[in-house]
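Structure, as structure tokens:
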Protein chains: 2
Amino acid sequence: MEFRHLRYFLALAEELNFNRAAARLHISQPPLTRQIQQLEQELGVELFLRTSKGVELTAAGTMFREEAGRLVALAERATERTRLAGEGKLGRLDVGIFGSAVLNVIPRMILNFRRLYPEVTVVLHNMNKIEQIEALREGRITIGFNRVLPPAPDIVVETVLKEKLIVAINRNHELSHAREIAISDLSGQPMIIFPSAPRPSFADQVYTMCHGAGFAPQVVQEVGDAVTAAALVSSGFGICVMPESAISLQLPQVIFRRLAWPHPTIDLDCLYHRNDQSPILNAFLEIVRGFRAPEAGAEAG
Amino acid sequence: MEFRHLRYFLALAEELNFNRAAARLHISQPPLTRQIQQLEQELGVELFLRTSKGVELTAAGTMFREEAGRLVALAERATERTRLAGEGKLGRLDVGIFGSAVLNVIPRMILNFRRLYPEVTVVLHNMNKIEQIEALREGRITIGFNRVLPPAPDIVVETVLKEKLIVAINRNHELSHAREIAISDLSGQPMIIFPSAPRPSFADQVYTMCHGAGFAPQVVQEVGDAVTAAALVSSGFGICVMPESAISLQLPQVIFRRLAWPHPTIDLDCLYHRNDQSPILNAFLEIVRGFRAPEAGAEAG
DNA sequence: AATGCTGATACCTGAAAGGTATCGACTTAT
DNA sequence: ATAAGTCGATACCTTTCAGGTATCAGCATT
């Protein structure tokens with residue numbers, strides 16, 4: 001059975017006359033007769049009752065008309081949905097995110113994407129950078145977001161934006177009166193560092209920054225994520241260097257101060273598989289790239 | 001697009017290798033390549049990503065795989081349902097019935113039918129004999145049940161069974177002591193007659209019977225149906241001749257007595273369109289004919 | 001550099017869809 | 001009653017196109 005049989009059948013079921021149906025199909029009457037006979041033979045059922053004045057549908061024919069109509073409609077739907085999927089306008093986007101650092105930028109990007117591509121289902125998966133790379137390779141996610149990523153030959157890493165660093169301080173802390181804090185001011189201060197794993201991470205970047213300023217940070221606690229770190233700041237454990245987006249965290253007693261010149265930054269990167277040419281990924285990447293600060297000069301290729 | 005394209009596509013989507021897929025389809029590789037190219041061209045979308053070591057599905061291809069699978073499954077369902085409809089095992093049977101007289105036999109026939117053909121939806125339509133004939137001609141019902149039917153060239157009438165006549169009597173009535181009632185006993189009794197329309201009807205048969213016994217019935221009331229007639233009997237209006245199946249009517253004060261020899265009967269007929277060869281109708285007719293009393297000799301052909 | 005995969009292409013063959021002419025059955029109009 | 005005009009079915013020819021064989025180009029492994 002081919003779609004041709006369905007098209008011919010439906011035309012005949014509407015016209016109830018071989019000649020008129022054939023004319024409508026732009027073929028002559030004999031081939032139509034033959035195709036209908038074939039169809040009936042394959043189904044093992046008479047679909048039409050031939051009378052002296054045209055044809056009429058049998059009970060089986062009536063049933064087949066319903067089914068054939070459904071099939072043709074579904075076929076049209078199939079081509080339409082496939083075309084849309086080819087344009088990235090229909091489908092599913094699995095995004096790997098990491099817990100705390102994505103408090104601001106990623107939700108905004110996803111909201112923008114969903115406004116432009118409302119038929120794409122966006123699914124978020126919370127996982128760390130190691131898990132994200134693994135999931136990208138296995139196709140469980142299409143794109144991931146993270147910081148301080150190790151290079152891999154099959155994974156493309158693009159810097160989404162460079163966030164300035166800020167310092168979370170307890171309101172009663174001696175540094176709370178300054179509008180900005182110099183890196184050297186952190187020397188000797190009890191510091192909270194995150195994340196503890198996996199390495200390399202934001203924590204390493206803070207270490208490097210301090211050593212670059214000529215001192216070793218006095219780490220009182222390593223924690224897993226920014227929310228926990230902020231909670232410790234709130235209870236007076238110490239101070240904590242964070243990416244700017246952590247400013248969304250609202251905890252009692254916690255205030256944020258910028259780090260002064262040279263305004264150190266941390267990259268937020270996105271990562272995806274080098275061979276992935278999925279149109280949905282490309283559509284999403286365009287949105288992501290639109291978020292990249294226009295003044296940013298240096299970019300990871 | 002033809003089903004061939006779907007079959008080939010699905011084979012390739014599973015094997016992800018043109019040669020293996022072609023082998024599975026019992027064709028050689030070049031025609032498979034060509035058919036897939038045709039499909040992609042018609043959809044305007046690349047379905048497979050050709051690599052040096054086989055192929056993989058694109059996003060559009062993944063979408064099309066889902067849709068193609070649905071289509072193939074629906075096609076199988078379509079052939080199966082059409083075959084079943086051809087055997088009368090699937091579909092719909094619209095039955096015209098008339099209100100009161102069908103208290104017993106028709107429900108039993110329909111229950112039997114539904115046990116044998118559980119996938120056929122039986123729909124009952126309450127209509128009088130004129131409406132039934134009209135509905136048969138327009139295809140709104142497939143079979144009707146009624147009594148005392150006028151002949152029509154395009155409608156076949158078959159006697160389903162001959163019901164004996166009974167008399168509904170108030171418990172306090174003088175005739176209630178007899179086990180059987182002779183037709184002549186009805187002479188001079190106040191009688192309720194039904195139905196008042198449409199003619200010819202059961203009412204006419206009662207008239208004829210009385211006149212044949214040598215008297216004119218003393219009609220105190222004409223009513224529309226047996227239930228109303230029985231209600232009048234219950235309140236002492238008079239007596240009423242009814243078909244035997246009315247015995248199912250349970251009303252206070254109403255008792256039933258047989259009419260004595262020569263045991264007059266009334267036919268319950270079914271009617272259907274002469275040209276209707278629907279397998280469901282034939283299946284139902286077989287059940288109906290099985291209900292016909294085996295001793296009944298004379299039948300309407 | 002050679003071999004062995006991959007899918008794509010060129011060209012031929014054969015099956016089958018489509019076209020023309022005509023048939024037999026039936027209805028309708030004269 | 002019979003001739004003309006329907007209807008769908010059939011016989012036979014033409015054309016299209018799916019399928020087959022041989023071969024190619026690209027890439028990976030050896």
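So you know, we letter chains A, B, ... as the sequences are listed, proteins then strands, and number each from 1.
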Please list, pair by pair, any protein nitrogen or oxygen found under 3.5 Å from a nitrogen or oxygen in nucleotides 14-19 of chain C.
residue : atom : partner  : partner atom : Å
dA17(C) : OP2  : Gln35(A) : NE2          : 3.4
dA17(C) : OP2  : Gln38(A) : NE2          : 2.8
dA17(C) : O5'  : Gln35(A) : NE2          : 3.1
dG18(C) : OP1  : Tyr8(A)  : OH           : 2.6
dG18(C) : OP2  : Tyr8(A)  : OH           : 3.4
dG18(C) : N7   : Arg34(A) : NH2          : 2.6
dG19(C) : OP2  : Ser28(A) : N            : 2.7
dG19(C) : OP2  : Ser28(A) : OG           : 3.2

**Message:** Run Ile110(B) and Leu124(B) through side chain to side chain contact (heavy atoms under 4.5 Å, CB included) and show every step you take.
**Reply:** CA-CA 10 Å; Ile110(B) 289 172; Leu124(B) 302 181; 3.3 Å; yes
**Fill in**
Between Gln37(B) and Ser52(A), the residue closer to the 5' end of DNA chain C by nearest nucleotide is Gln37(B)
**Prompt:** Quick one: Lys53(A) NZ to dG8(D) P, roughly how many Å, whole number?
**Reply:** 10 Å
**Complete:** Rounded to whole Å, the CG-C1' distance (Leu25(B) to dA18(D)) equals 13 Å
**Request:** Give the rounded distance in Å between these two atoms: CD of Glu40(A) and C1' of dG8(D).
**Result:** 12 Å
**Item:** Distance in angstrom units between Asn19(B) CG and dC5(C) P, rounded
**Value:** 10 Å
**Message:** From CD of Glu2(B) over to P of dC17(D), roughly how many Å is that when rounded to an integer?
**Reply:** 12 Å
**Asked** For the side chain of Arg114(A) and the backbone of Val120(A), is there at least one donor-acceptor N/O pair under 3.5 Å apart?
**Response** no
**Request:** I would like to know whether Gln29(B) and Thr33(B) meet side chain to side chain donor-acceptor pair (under 3.5 Å); could you show each step before the answer?
**Result:** CA-CA 6 Å; Gln29(B) 169 257 319; Thr33(B) 294; 2.9 Å; yes
**Prompt:** Going from CD1 on Ile143(A) to CD1 on Ile280(A), what distance comes out if it is rounded to the nearest 0.5 angstrom?
**Reply:** 12.0 Å
**Item:** Nucleotide dG8(D), atom P - distance to CZ of Arg50(A) in whole Å
**Value:** 9 Å
**Residues, nucleotides or ligands: over 12 heavy atoms within 6.0 Å of Glu138(B) CD** = yes
**Atom pair distance, as rounded to whole Å: CZ in Phe18(A) and P in dA25(C)** = 18 Å
**Request:** Mark yes or no for whether Glu2(B), through its side chain, and Arg4(A), through its backbone, hold a donor-acceptor pair below 3.5 Å.
**Result:** yes
**Request:** Could you state the atom-to-atom distance from CG of Asn17(B) to C1' of dC27(D) in whole Å?
**Result:** 15 Å
